[in-house]
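All residue numbers in this chain count up from 1 along the given sequence.
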Amino acid sequence: MEEIEIPDSIRCEFEIKGGIDGIVELLPDDQRIRYISSIARAISDPVRLRVLFALCIQPMCVCLIVAMTEYAYSKMSYHLSILRDSGLICSKQEGNYLIYCPTDIGRKVVEWIGKSF
């Protein structure tokens, strides 16, 4: 492998960490990277992010979420499925209603975003 020229300002720390191989070992595994990526995609849409924040305030059925967002049921169903598939929300059946609420990771994401921005 060809020698890479490294700026002096980062050389020492880079070498302490074991160079490229050492840094690669410190990275999350591929499965974790895919999971994090799915969460990032889920919260990349303003509607989904608004819904996630709202569900952290109050669990809701889809009729309330639709009323809050003024989105069509079919579009909201799509957004809710993305949030659910990414593990940020879950739902429970209550009679004829599905009640949506955040998962622990969904709450942590909202908490992190709320503190960071």
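A 6.0 Å sphere centred on CD of E13 holds no more than 12 heavy atoms belonging to other residues, nucleotides or ligands. No more than 12 heavy atoms of other residues, nucleotides or ligands sit less than 6.0 Å from atom CZ of R50.
Contact annotation: the side chain of Y97 never approaches that of V62 to less than 4.5 Å [non-hydrogen atoms, C-beta and beyond]. Residues M76 and V47 have side chains in contact (heavy-atom distance under 4.5 Å, counting atoms from C-beta outward). Side-chain atoms of D45 and L49, non-hydrogen and from C-beta on, never get closer than 4.5 Å to each other.
Listed for the R84 side chain is no donor-acceptor partner under 3.5 Å among the backbone atoms of C90. A side-chain donor-acceptor contact under 3.5 Å links R107 to the backbone of C56. Panel note: side chain R48, backbone H79; no donor-acceptor pair is recorded below 3.5 Å. Remark: the backbone N or O of R41 is paired with a side-chain donor or acceptor of S44 at under 3.5 angstrom. Using modelled atom types, one side-chain atom of T103 and one backbone atom of L88 make a donor-acceptor pair closer than 3.5 Å. With hydrogens and angles ignored, the 3.5 Å screen pairs no side-chain donor or acceptor of S77 with any backbone N or O of Y73. The backbone N or O of I113 lies less than 3.5 Å from no partner atom in the side chain of S116, so there is not a single donor-acceptor pair. Without hydrogens or angle criteria, S37 side chain to I33 main chain gives no donor-acceptor distance under 3.5 Å. The main-chain N or O of K17 is never found under 3.5 Å from a side-chain atom of E15 such that the two would form a donor-acceptor pair.
Note: the hydrophobic cluster containing V51 also contains I105 (ILVMFWY, side chain heavy atoms under 4.5 Å, direct or indirect links). Neither I82 nor Y71 shares a network with the other; the hydrophobic side chains, linked directly or stepwise wherever heavy atoms of I, L, V, M, F, W or Y lie under 4.5 Å apart, form separate groups for each. A continuous path of ILVMFWY side-chain contacts below 4.5 Å connects L55 to M68, so both sit in one hydrophobic cluster. Clustering ILVMFWY residues whenever any of their side-chain heavy atoms sit less than 4.5 angstrom apart, transitively, puts I57 in a cluster other than the one holding L83. There is a path of hydrophobic side-chain contacts, each under 4.5 Å, that joins M60 to F53.
Among all heavy-atom pairs drawn from I99 and P59, the shortest one is CG2-CB, 3.9 Å.
Ion pairing of E94 with K92 is present here, as a side-chain N (NZ or NE/NH1/NH2) and a carboxylate O approach within less than 4.0 Å. Looking at D29 and R32, no side-chain N of the basic residue comes within less than 4.0 Å of a carboxylate O on the acidic one, giving no salt bridge.
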Passes salt bridge (charged side-chain N to carboxylate O under 4.0 Å, His left out), K115 versus E111? Steps please. CA-CA 6 Å; K115 288 181 180 177; E111 185 179 312; 3.3 Å; yes
Worked check of side-chain contact (heavy atoms from CB on, under 4.5 Å) between L98 and Y100: CA-CA 6 Å; L98 270 179; Y100 292 91; 3.6 Å; yes
